[in-house]
Amino acid sequence: MNEDYKYIIGNLDFHTFDLEEYKYSEANITGMRMFSAEQSEVRNLMLNLGYFDETTENEIIRNGSCPITMEMALTYDAVIAFAETTKHLQYTPHALNCSDFSIDVLEDGTTFKNYMRSILLDRNTITGQIYFEGSIRKGSQFEIIELQPTGLIKVGTWQEHKNFTFNRPMQMKPTADNADNSMINKTLRVLIAVPNKPYASLVESHKKLDGNSQYEGYGIDLIKELADKLGFNFTFINGGNDYDKLLQRADLAVTDLTITSEREEVIDFSIPFMNLGIGILYLKPQKSNPTTFSFMDPFSKEVWIYLGLAYLGVSLCFFILGRLSPTEWDNPYPCVEEPDELENQFTINNALWFTTGALLQQGSEVAPKALSTRTVAAIWCFFTLIMVSSYTANLAAFLTIENPTSLLENVQDLSENKGGVQYGAKRTGSTRNFFLTSEEEIYKKMNEYMLAHPEYLTETNQEGLERVKSSDVQNGKTYAFLMESTSIEYNTQRECKLTKIGEALDEKGYGIAMVKNWPYRDKFNNALLELQEQGVLAQLKNKWWNEIGAGVCNVNYLRRTFDYAIEVVNSDLTVPLTGHQETMDYGNIMQGVNRLCKLTKLGVGGIFAPSAENTASYMMHMCDSKDIPFVYSHLSRRYDALNLYPHQLDIAKAIHAIIEEFEWSRFIYLYENSEFLSVLDALMSLYVSTGPVINIVHYDLNLNGNFKSVLRRVRKSVDNRILIMGSTQSVAELLKQAQQVGIMNEDYKYIIGNLDFHTFDLEEYKYSEANITGMRMFSAEQSEVRNLMLNLGYFDETTENEIIRNGSCPITMEMALTYDAVIAFAETTKHLQYTPHALNCSDFSIDVLEDGTTFKNYMRSVPFSAALKEEFKAVTDFANNERLLKGANSIYSRSRNSSIDSTIDSFETDSNDESMSENEKEE
């Protein structure tokens, strides 16, 4: 719905649509109508129906819209036509009998119908002239209307037997767009709250900053985008959260300010720029420490009770049978042939001891002699054999497999204080007001709890966050904090121990606060709508939520992978490598540059890029200017560095091979952002003349994690073959929601282009009967991958076979390529003498690393055995800085600029008619 598209709407009720949000989309939308609100009959009808009064009718007519539908208008005209006929024809209805097959009919009924078809009506009707040719209405006239910023405008007329007239008037701007109401070059005071990440915070810099340049954040970027669109200037004012005095202090306020009716009484709001709800922040499920009786975990409480009863019952049987059986009675004095007393070995103590020995599979000195006692002993020994074997097998699993448990699953558990969990919220604000005003019983109960325990309420969200982090799990004193879901999303990306519990409790939105009756409010709303439609709001949220400062939870495994790779290569190097790691906020370019300068002053032989692509780009240019080898692994291409990630064309060729094998004639290309359009571009280049029909769908426009609206469109589509390209996090969530909307069944077939597909939790899709095909570059069966997982603590030697058998693997592409980057670097040092030295990067010096360029060129040219591709003896090579893989595998493709074959594994969650046979895989 933008300037590239033109629509013709054939529905004659088009004038009744709510078109407010499309007025400024710049799309051309043309429709038809048979009447307008300017006609006197239509005005009178609307006035009678209460759509307006005489003071507001001009405003409705000016907008071009009309609430009168075709059905209402034709009902009105039908009465007019009927009445007109009665003027010319005497007509007297009478009672008829329709309860049986009588031949009673209405006299003059046929004459009335025929006369009604013959008259010509051109007065007092809503839909214009009415006359009939046979049973068909003729003489219709249609007004051609077009949506413009001022509303629906008549641009032409069509009438039968007359020429079509089209005269589009000059497009008029809304009355608000006059010179006095223009925002160009006006300076606005914008109130922000600092510090309040990610909405506004001070820029970390070694330079002294002042004015607007000292602030950064989502709110800062949002105002800049609006200023670019509307042409105004702005000055940021750090004023905290005092919005009551907004009128005296500023024109606007942008922060995490929820739109509420109470606030609307004092200030105005723009349309929401972000949707959210109240969520529960709590600790991630954690494995509890072993207790004294952890050895009893393999069996349930009931089994232990039944086992104890069986133990006592069998012991009692031995005691009773020993007493009843003559064979079990012995002479205590063998020298006396007829003793006065006989002795029985199955006393109560001996019976219990024999049963215990058999249960522990150790035996005892007591041996049954009678047939009855030996039978019971045999049955008991077989029983204990089964029980002990089951216990031993389960005990190993319980001691090695972590089963994290959480006290809370949803808001119901929280309201009942399950497990003694305490909870609270910020003392003031929209979250607290929600519970104070809610009429639902569960929220009333929670409000009563917070009123009774004011000590659990906090002054700020940060204080609540710290309380959750400091929960004493060992002593059962944990705390949950109620806060807005967007803040929870932001913090869980940076606090690895925290998670969100359950679904949002309500729905609301953040808006830009402005002074009451601000004249530019409509302009701001229109600009926000444009930013939303263009995906700018989505990009900003992704930047500040998922990039800058995020990703810290994955750093630990990546660090250990790097250290382990250094340890592996040093065992084979004469001059060992020394690894050094620096941690920085995700996407913080200035911080990354400072860290790089620090390393160059120490003397560094090579740099492995950080996860954030924009930071990696800046660091790459710095390294290139100093001739420092720079290695990275991103889908996007940077031609001045060594990129280990497979080229888009190679990925496209692998996908092309799967599509050809499956004989897809049409499919949906679901992609997350523009980064993945490069793969689509490469894929389409492989089809020279004819190819499949591709329906391209952007599934993450709003980046709020809710893809169901897009997936419902997929469900309504005729296409049931879907190719998904996106990040690991979004694709995993997309598959979950695909199951929820009902497109994860035998009717649908998926190809997943994400190379981390093997790390997904696919347990719930195994029996969905949907065909899910993916690709991977390595598997858990390879020895290097096994050793890496063992080193990272993913399993021990007793459980690794189970993980490998499932086909899953927790090693991500980023971890694998970090490992391979170290291998590639170490292999180059074997063939080339290389001595790094300290460099100066603080000024524009020409100091460069000697032999740096030689090292980079040699690294591109030398082949080496890829550590994570041992099974197929793959070889990694570089051509034009792009990685090309050589080996024998299931999907064959040829890379550009080289004759080296490029191959990628493929695998499926199930097999069906479209999957490749084993023979084809071997070929």
Close side-chain approach of E746 and S768, heavy atoms under 4.5 Å: no
Close side-chain approach of K500 and S485, heavy atoms under 4.5 Å: yes
Test log, rule side chain to side chain contact (heavy atoms under 4.5 Å, CB included), inputs T327 and L371: CA-CA 9 Å; T327 311; L371 178 62; over 6 Å; no
The criterion is salt bridge (Lys or Arg N to Asp or Glu O under 4.0 Å); which residues satisfy it with [X], sequence neighbours excluded?
X	result
D761	none
D506	K508
D330	K369
E466	K469

Just jot down the side chain to side chain contact (heavy atoms under 4.5 Å, CB included) partners of [X], sequence neighbours excluded, or say none.
X	result
I659	I655, W664, F667, L683, Y687, I751
T561	L788, L792, M815, Y819
I566	F562, N570, L577, V822
N350	T347, V366

Listed once per pair and sorted, the salt bridge (Lys or Arg N to Asp or Glu O under 4.0 Å) pairs that draw on residues 307-317, sequence neighbours left out: none
Residue pairs fulfilling salt bridge (Lys or Arg N to Asp or Glu O under 4.0 Å) with at least one residue in residues 317-329, sequence neighbours excluded: none
For [X] and [Y], which heavy atoms make the closest approach, and how far apart are they?
X	Y	result
P368	Q345	CA-NE2, 4.0 Å
L414	A480	CD1-CB, 3.8 Å
V388	L359	CG2-O, 3.4 Å
W380	T355	NE1-O, 3.2 Å
N787	Y564	CB-OH, 3.2 Å

Sole candidate of L465, T431, V468 that passes side chain to side chain contact (heavy atoms under 4.5 Å, CB included) when paired with F481: V468
Heavy-atom donor-acceptor pair, Y479 side chain to S470 backbone, under 3.5 Å: no
Check: V741 main-chain N/O paired with R715 side-chain donor or acceptor under 3.5 Å: yes
Expected list for residues 438-450: side-chain donor-acceptor pairs under 3.5 angstrom, two or more places apart:
from : atom 1 : to   : atom 2 : distance (Å)
S438 : OG     : E440 : N      : 3.3
N447 : OD1    : R432 : NH1    : 2.8
N447 : OD1    : R432 : NH2    : 3.1

Test of ring centre spacing under 6.0 Å for H453 and Y423: no
Set of residues satisfying ring pair (Phe, Tyr, Trp, His ring centres under 6.0 Å) with respect to F318, sequence neighbours excluded: F346, F354
